[in-house]
Visitor: 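Submitted below is the structure of interest, expressed as structure tokens.
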Amino acid sequence: MMEAFRKAILQAGPPETFALKTVQEVIKPQKQTKLAQDENQLLENMLRTLLQELVSSAVQSGEEIMLYGKSIDDVDEMQGVIPRLLDVVLYLCEKEHVEGGMIFQLLEDLTEMSTMRNCKDIFRYIESKQDILGKQELFARGKLVMLRTCNQLLRRLSKANDVVFCGRILMFLAHFFPLSERSAVNIKGVFNTSNETKYEKDPPEGISVDFNFYRTFWSLQEYFCNPASLSNAPLKWQKFTASLMVVLNTFDAHPLSEEEGAENNLEEEATTFNIKYLTSSKLMGLELKDPSFRRHILLQCLILFDYLKAPGKNDKDSSESMKEEINSCEDRVKKLLEVTPPKGKDFLHSIEHILDREKNWVWWKRDGCQPFEKQPIEKKTVHDGTKKRRPRWRLGNKELSQLWKWADQNPNALTDSQRVRTPTISDYWKPLAEDMDDSAGIEAEYHHKNNRVYCWKGLRFSARQDLEGFSKFTEHGIEGVVPLELLPPEVRSKFQGKPSDRSKRAKKEEMRSTSHQVEESQIATPASEIEGEGIRADAEASVAVMDTDVSTATGNNSQGGTPTPEPDEHQKQSPDTDVGQEAGQLEADAEVETGMIDGETDPEAESDHVG
């Protein structure tokens with residue numbers, strides 16, 4: 001079987017002339033143009049074995065892998081046996097005759113079996129086939145395999161010696177994956193803290209150098225490596241600003257002239273650029289005179305300040321004094337960049353433009369990396385010479401006209417009991433309860449809790465009919481408002497925890513107010529009884545005086561004499577006493593009326609009235 005493929009890839013001509021025919025002869029598939037799953041697996045195993053044999057033969061012959069098997073006469077055709085095999089498999093995957101991820105698996109095996117020198121040629125082949133590999137039918141099948149292959153290459157490469165190759169791989173990934181791919185945007189904002197800058201801790205002997213400044217200068221790299229460590233650490237921030245002020249003061253004290261800037265040709269330096277700093281204390285004096293080195297340090301400061309001032313960050317992470325220090329340090333760094341030759345103002349303007357654009361990317365990441373690609377709008381074909389008239393509605397628009405035609409008798413429709421029906425609490429929250437059930441398998445983006453209108457209506461509904469459930473919103477969110485009987489047992493346990501401190505405090509206040517009301521009622525009851533007895537005593541006294549006057553008058557008349565007026569003791573009393581008697585009489589009348597209203601009468605008052 002492998003021999004048939006080995007002979008096929010040695011044939012001349014494009015792959016479409018013999019690729020499918022060779023597969024049909026070797027595999028003999030059930031369908032003529034598309035392999036089944038087990039047939040795909042069989043073909044993949046055979047091709048991976050053939051590729052391994054070809055690589056082994058190339059290594060034994062001492063030839064480069066991508067040029068192995070190339071004939072000396074083939075001057076124009078610079079393709080070996082292995083690229084020929086890859087072209088055949090790529091054609092079969094593109095035409096969907098075989099599974100689309102097969103070509104990516106072969107490329108991963110090839111890079112793992114090759115040295116870094118041969119991997120550069122293999123990656124050059126991958127770059128040449130980028131358009132075909134990036135097609136949707138192939139990309140969906142092999143994007144994770146390609147990402148794994150590139151990451152393995154990056155791990156094997158030296159970040160100091162293979163900078164260009166690493167850049168080629170990163171550029172390929174940036175073009176191969178869509179712009180909104182979440183796997184490459186560092187959503188959590190994690191920093192590469194393993195990138196440490198090592199420098200001398202002890203002063204060297206026989207070298208006149210300010211070693212305190214040397215250690216202060218290179219200690220800044222610890223903060224540049226992890227800017228997040230300065231957000232919630234005031235002591236670290238103070239130490240960083242103190243070290244930074246020392247460095248900036250040194251830059252101010254040793255300005256660079258235009259001649260020094262002209263001596264350092266940045267274009268020539270880019271060809272020998274090293275990704276790591278040279279931290280030897282012997283080079284400290286030379287590095288301070290290097291404008292590109294000074295720009296690198298100042299640019300690191302601006303990047304750190306830009307992170308601390310990033311849009312959307314929590315204001316609690318930084319105080320007002322820290323914000324003022326950031327602004328003052330940033331202004332000072334920009335002034336130093338502006339006076340650093342050559343073309344300091346142009347360089348500063350470019351950096352500010354880049355940092356402003358970076359804010360847009362920060363907002364995009366904080367908003368969830370929404371896709372940039374938009375579907376094209378379908379253009380509606382308009383017939384030539386004919387212009388559609390806009391429909392005219394009786395009541396102004398379509399919705400009002402349909403509402404008017406809803407029923408024959410609109411007054412009856414307005415009074416219909418089924419027109420507006422308020423659901424029960426259980427019926428309303430049932431869709432959200434189904435979303436909370438893990439066994440339902442509903443994806444998070446389709447949950448009803450993401451619908452703001454649904455949640456807002458539910459909270460208003462619960463505030464009117466289910467205050468107990470509404471009170472759980474502050475502690476558990478919108479899912480806590482759902483009645484417990486609708487939830488499955490494993491979800492219900494999350495919302496049946498111990499009562500919160502707020503609820504306990506509310507119960508204590510309620511019990512305290514209840515006990516206070518009971519005490520007040522107990523105190524108020526004896527006072528009312530005392531007032532009632534006082535009013536009753538005054539009423540009895542007034543009735544007794546009236547009886548005495550009546551009996552006296554009767555006695556005088558019965559003796560036949562004329563009643564002689566005698567001064568009454570009550571008439572000799574002061575006006576205050578009269579007022580008191582009148583008040584007592586009024587209170588007595590009020591007591592009698594109260595007794596009549598309550599259905600009770602005073603027996604003494606009744607007997608006096610009868611007498």
Side-chain angles (χ1 to χ4, degrees), residues 159-160 163 167 186 189-200 213-231 233 236-256 261 264 266 269-270 273-281 283-284 286-310 313 318 322-323 325-359 361-362:
K159 293 182 174 61
V163 179
N186 193 9
V190 181
F191 292 93
N192 183 19
T193 56
S194 62
N195 184 20
E196 298 180 2
T197 301
K198 298 180 181 180
Y199 56 94
E200 300 173 7
F213 173 76
Y214 169 80
R215 287 191 302 180
T216 302
F217 180 86
W218 288 113
S219 64
L220 294 178
Q221 298 299 322
E222 300 176 3
Y223 306 102
F224 293 150
C225 180
N226 187 15
S229 62
L230 298 174
S231 299
K236 281 190 176 182
W237 171 253
Q238 294 176 3
K239 186 177 179 181
F240 167 75
T241 52
S243 301
L244 182 61
M245 288 299 106
V246 173
V247 175
L248 296 182
N249 292 334
T250 304
F251 286 171
D252 281 332
H254 299 81
L256 298 177
N264 295 273
L266 300 181
E269 184 185 357
F273 175 72
N274 199 312
I275 197 171
K276 292 294 292 184
Y277 293 112
L278 301 177
T279 59
S280 175
S281 58
L283 302 176
M284 192 76 253
L286 296 174
E287 287 175 335
L288 290 177
K289 296 179 182 180
D290 187 0
S292 62
F293 179 80
R294 186 175 294 194
R295 280 178 172 177
H296 291 162
I297 302 301
L298 296 176
L299 179 57
Q300 280 184 307
C301 296
L302 290 182
I303 293 174
L304 184 140
F305 296 149
D306 188 67
Y307 169 78
L308 296 177
K309 294 168 54 179
K313 281 184 66 63
S318 57
M322 182 177 176
K323 293 179 181 178
E325 292 178 356
I326 291 174
N327 293 330
S328 62
C329 293
E330 186 178 13
D331 294 338
R332 190 173 179 184
V333 169
K334 288 182 178 180
K335 290 179 181 178
L336 287 172
L337 277 175
E338 189 174 359
V339 299
T340 301
K343 300 180 181 179
K345 292 184 179 180
D346 296 338
F347 181 79
L348 177 60
H349 178 72
S350 301
I351 294 301
E352 289 178 340
H353 178 68
I354 293 172
L355 293 178
D356 287 338
R357 287 177 59 86
E358 187 67 20
K359 294 178 181 179
W361 291 106
V362 173

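This one's a predicted model, so the numbers in the text were calculated from it and none came from an experiment.
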Visitor: Drop me the distance from Ser328's OG to Lys323's NZ, to the nearest 0.5 angstrom.
Guide: 14.5 Å
Visitor: For a side chain to side chain contact (heavy atoms under 4.5 Å, CB included) with Asn226, tell me which candidate from Thr193, Asn192, Leu304 qualifies.
Guide: Thr193
Visitor: CG/Leu355 to CG/Asp306 distance, rounded to the nearest 0.5 angstrom?
Guide: 5.0 Å
Visitor: For residues Gln300 and Leu220, determine if any side-chain heavy atom of one lies less than 4.5 Å from a side-chain heavy atom of the other.
Guide: no
Visitor: For residues 243-253, run the donor-acceptor check on the side chains, cut-off 3.5 Å, and write out each pair with its distance to 0.1 Å, sequence neighbours left out.
Guide:
unit_1	atom_1	unit_2	atom_2	d
Ser243	OG	Lys239	O	3.1
Asn249	OD1	Arg332	NH1	3.3
Asn249	OD1	Arg332	NH2	2.3
Asn249	ND2	Met245	O	2.9
Thr250	OG1	Val246	O	2.9
Asp252	OD2	Arg332	NE	3.3
Asp252	OD2	Arg332	NH2	2.9

Visitor: Could you state the interatomic distance from CG (Leu299) to CG (Leu348), rounded to the nearest 0.5 Å?
Guide: 10.5 Å
Visitor: How are the rings of Trp218 and Tyr214 set to each other: parallel, tilted or perpendicular (split at 30° and 60°)?
Guide: perpendicular
Visitor: How far apart are the C-alpha atoms of Ser281 and Glu200, what are their side-chain angles, what is the distance that settles it, and do they pass the side-chain hydrogen bond (donor to acceptor under 3.5 Å, both in side chains) test?
Guide: CA-CA 7 Å; Ser281 58; Glu200 300 173 7; 2.9 Å; yes
Visitor: Would you mind reporting whether Gln221 and Ile297 have side-chain heavy atoms less than 4.5 Å apart?
Guide: yes
Visitor: Does the side chain of Phe347 come within less than 4.5 Å of Leu298's, by heavy atoms?
Guide: no
Visitor: State, yes or no, whether a side-chain contact exists between Ser229 and Phe191 at a heavy-atom distance under 4.5 Å.
Guide: no
Visitor: Test your reading of the model: is there a side-chain donor-acceptor pair from Arg294 to the backbone of Lys289, 3.5 Å cut-off?
Guide: no
Visitor: Roughly how far, to the nearest 0.5 Å, is CG of Leu337 from NE2 of His349?
Guide: 14.0 Å
Visitor: Name all residues meeting the salt bridge (charged side-chain N to carboxylate O under 4.0 Å, His left out) criterion together with Glu352; count only those two or more places apart in sequence or in a different chain, and write none if there are none.
Guide: Lys334
Visitor: Would you say the side chain of Ile326 lies within less than 4.5 Å of the side chain of Lys309, judging by non-hydrogen atoms?
Guide: yes
Visitor: Quick one: closest heavy-atom pair of Val333 and Cys301, and the distance?
Guide: CG2-CB, 4.1 Å
Visitor: Hey, what do you get for CD1 (Ile303) to CD1 (Ile351), rounding to the nearest 0.5 Å?
Guide: 7.5 Å
Visitor: Looking at Lys198 and Thr279, what are the two nearest heavy atoms and their distance?
Guide: O-OG1, 2.7 Å
Visitor: Can you measure from OG1 (Thr241) to NZ (Lys236) and round to the nearest 0.5 angstrom?
Guide: 14.0 Å
Visitor: Name the residue from Phe224, Phe293, Tyr199, Tyr277 that meets the ring pair (Phe, Tyr, Trp, His ring centres under 6.0 Å) definition with Phe217.
Guide: Phe293
Visitor: Evaluate the side-chain proximity of Lys335 to Val339: yes if any heavy-atom separation is below 4.5 Å, no if none is.
Guide: no
